[in-house]
Amino acid sequence: MTDPAQFVTAPRSVTSDADQAGFPAKRQQAPAGQQGMAARLATPTGRAQYRQRSALVEPGFAQIFQRFGRHLNYRGRQAVDAEIKLLGTVHNLNKLINHTPKNRS
């Protein structure tokens, strides 16, 4: 006879992408500083808001990486922060300058 305890599953991992791909989860809980955010994202409203992030934020990063590459020219937190902000500003200015309005009929 089989022991029913062997079929008990572990709690869902915070990093579910690996779990969905069939890889074992590396951690079962969020680190102490991230538990509040993990709890908010676990709600249906939090999941819906996080889905919106992928449509709003991720394409911007992809476009910046495609245009400027993934490597930064400076080292140090302040220099890297300034360089990333400059790249983002250049990216947004270029979008504004090259924007062509849609014809509304």
**Message:** Starting from Ile84, can I reach Phe61 by hopping between I/L/V/M/F/W/Y residues whose side chains sit under 4.5 Å apart?
**Reply:** no
**NZ/NE/NH1/NH2 to OD/OE distance under 4.0 Å, Asp81 and Lys85** = yes
**Same apolar cluster: Phe68 and Leu86, side chain cutoff 4.5 Å** = yes
**Message:** So if I apply the side-chain contact (heavy atoms from CB on, under 4.5 Å) rule between Asn94 and each of Asn92, Leu96, Asn98, which one comes out positive?
**Reply:** Asn98
**Fill in**
Contacts satisfying side-chain hydrogen bond (donor to acceptor under 3.5 Å, both in side chains) that involve residues 60-70 (not counting sequence neighbours) are Gln63-His91
**Message:** Can a donor-acceptor pair be found, under 3.5 Å and without considering hydrogens, that links the side chain of Glu83 to the backbone of Leu72?
**Reply:** no
**Asked** At what distance, to the nearest 0.5 angstrom, does OH of Tyr50 lie from CZ of Arg40?
**Response** 13.5 Å
**Prompt:** Is atom OH of Tyr74 surrounded by more than 12 heavy atoms (other residues, nucleotides or ligands) closer than 6.0 Å?
**Reply:** no
**Message:** Would a single hydrophobic cluster contain both Val90 and Ile64, if residues Ile, Leu, Val, Met, Phe, Trp and Tyr are joined by side-chain heavy-atom contacts under 4.5 Å?
**Reply:** yes
